[in-house]
Structure formats: C-alpha cells, structure tokens
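Note that the numbering runs from 1 along the sequence shown for the chain.
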Amino acid sequence: MSVAVVPGSVLGGEALRSVLRETPGQPVRGDAHIRAALTGLVRSAGRELLSFDDPVGALGRGVPEHFLRFADACVRTAADRTATIRRITPREGLAHVREPWHCPGDARVADSIPFKIIVADRSVAAVPLDLDLHYNGVLLIRDPVVVQALVRVHSSWWEMGDEPGQRTPAGKAPGHLRPVLQAIMAGLTDEAAATRLGMSARTYSRRVGELMSVLGTASRFRAGAEAARRGWIQ
C-alpha cells in the first residue's frame with residue numbers, strides 16, 4: 001500500500017483508515033472489558049498520553065451515560081500520573097460544549113480529527129474498531145511501526161492546531177487552513193491537493209472557501225497576494 005506524506009498528517013486520510021482496519025491487534029468488546037482495557041492503558045502511561053478526542057462526539061449516539069462519565073474521568077485521572085498529556089479535539093465539537101472546557105494537560109483544536117485514539121508512552125495505542133466510538137469496541141495496537149506512525153499523525157495535527165479559545169495571532173494563518181494555503185501557493189489542482197492532504201474533494205473545497213472568506217477575496221491569485229501581505233507566507 002502506498003502512503004503519502006502530507007501536511008497535517010503522515011498518511012492520507014483514507015489510506016490511514018485502511019491501515020488501521022487491517023492492522024493486527026487485540027480487539028476488545030463489551031462495556032466492562034472496554035472500560036478495563038482503557039483504564040489499564042491510561043494507568044500505564046507514566047511519561048506521555050496522546051489523544052484525538054471529541055467532547056460531544058458520542059452524544060446522541062446511544063452511548064450510556066455511565067460510559068460518558070467514565071471516558072471523562074479516564075482523562076482526568078491521567079493528570080495525576082502522567083507527565084505530558086496532549087489532547088486534540090475538533091473546534092466545531094468544542095463550540096457545542098455548554099460549560100467552559102477544562103482539560104488536564106495541554107490541548108489543541110483542529111478543524112477535524114481523523115479518528116479517535118489514545119496512545120500511552122508511544123508504546124501502545126487504543127483505536128475504536130469503528131474509528132469513532134470507543135464504546136463500540138477498541139483495538140489495542142502494540143506494533144511499534146504502527147504506533148510510531150500514529151504518534152507522527154498526532155504530532156502533525158498538534159503542530160497545525162490552535163489553542164482553545166485563542167485567536168490566530170497576526171502574521172500566522174489559522175492552523176487548519178495553512179495546508180490549504182500551501183497547496184494553493186504550490187499551484188496544485190483541487191484534486192491533487194485534496195489527495196495530498198488526505199481530504200475529500202468536498203472538504204478541500206469548503207476549506208478553500210473558508211480561506212478566501214478569511215482573506216476577504218474570491219480570487220485565488222489575490223488570496224496569495226493578501227496572504228503574503230499579512231505575513232502568512234514565509
């Protein structure tokens with residue numbers, strides 16, 4: 001399987017999902033077994049805990065309230081025993097949280113997350129069997145190559161993400177739009193850019209529109225000029 005290295009990820013979106021679905025690991029199903037596996041994973045993390053998460057992604061999807069409370073407690077428990085916690089969540093989901101979002105450790109927001117995941121000490125990862133909800137079952141992955149690939153994915157999204165509630169500083173493009181701006185400046189077609197960035201054509205088109213709106217123009221040529229004027233292009 002060919003794998004593309006792209007800004008914001010290590011594997012193209014669909015390629016990465018295929019790798020995860022085909023990766024040998026230990027499947028865990030059933031409420032009690034899943035909670036035991038995730039509890040053990042979090043407690044094993046002494047140095048670092050990385051995650052892609054969505055604070056409201058499970059709401060309205062049939063996940064019992066006790067499991068939602070457990071998931072939240074899992075992350076907070078990690079703060080007492082783990083040196084570094086880095087959590088990435090979609091900005092759209094965060095916008096629907098009624099109360100101020102407090103998270104132990106460090107957090108970043110991105111336009112989207114590729115899947116849910118928890119990685120402990122860069123040695124074992126827990127990925128939902130359906131890539132979306134831990135409640136539907138998880139795959140425990142210990143293959144060092146796959147785990148390191150997942151760590152790289154997380155690191156790339158982290159670098160491109162923004163701090164929750166923080167506006168984009170002057171001279172810097174919004175984190176989730178930087179890869180789109182780079183693709184436009186490189187002269188890539190929409191199809192080539194979407195493939196390189198691991199996005200669907202619709203998602204890429206939507207982000208181009210968002211970038212144009214932020215820059216106040218409907219012309220891609222003028223978008224490049226405006227981005228340069230703002231210091232977004234180094």
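- P128 and L133 get closest at one heavy-atom pair: CB-O, 3.4 Å.
- Atoms CD and CZ, from Q148 and R122 in turn, are 6.5 Å apart once rounded to the nearest 0.5 Å.
- In terms of heavy-atom proximity, L177 sits nearest to V214 at CD1-CG2, 4.2 Å.
- The existence of a salt bridge linking R229 and E226 is confirmed by a sub-4.0 Å separation between a basic side-chain nitrogen and an acidic carboxylate oxygen.
- L129 has its side chain within reach of R29: a pair of non-hydrogen atoms, C-beta onward, lies under 4.5 Å apart.
- Using a 4.5 Å heavy-atom cutoff, the side chains of V127 and I141 are in contact.
- Here Q26 contributes atom CD and L140 contributes atom CG; the two are 5.0 Å apart, rounded to the nearest 0.5 Å.
- One finds the SG atom of C74 at 9.5 Å from the NE2 atom of H134 (value rounded to the nearest 0.5 Å).
- Two residues are said to be in side-chain contact when any heavy atoms from C-beta on lie closer than 4.5 Å; V151 and L50 meet this criterion.
- Residue R43 places its CZ atom among 12 or fewer non-hydrogen atoms of other residues, nucleotides or ligands, all under 6.0 Å distant.
- You'll find the side chain of L41 reaches within 4.5 Å of the side chain of V124, heavy atoms only.
- If you chain together hydrophobic residues whose side chains sit under 4.5 Å apart, F115 and W158 fall into the same group.
- Closest approach of I113 and P90 over heavy atoms only: CG2-CD, 3.9 Å.
- A donor-acceptor distance shorter than 3.5 angstrom exists from the side chain of T89 to the backbone of D53, with no hydrogens or angles considered.
- Atom NZ of K116 sits about 10.0 Å away from atom CG of N136, to the nearest 0.5 Å.
- Using cut-offs of 30° and 60° on the angle between ring planes, the pair H154 and F52 is tilted.
- In this structure R220 satisfies the salt bridge (charged side-chain N to carboxylate O under 4.0 Å, His left out) test together with D190, sequence neighbours excluded.
- Residues Y135 and V28 share a hydrophobic cluster, clusters being chains of Ile/Leu/Val/Met/Phe/Trp/Tyr side chains in contact below 4.5 Å.
- Side-chain contact between L150 and I117 is present, with at least one heavy-atom pair separated by less than 4.5 Å.
- Counting only heavy atoms from C-beta outward, the side chains of V119 and L49 never approach each other to under 4.5 Å.
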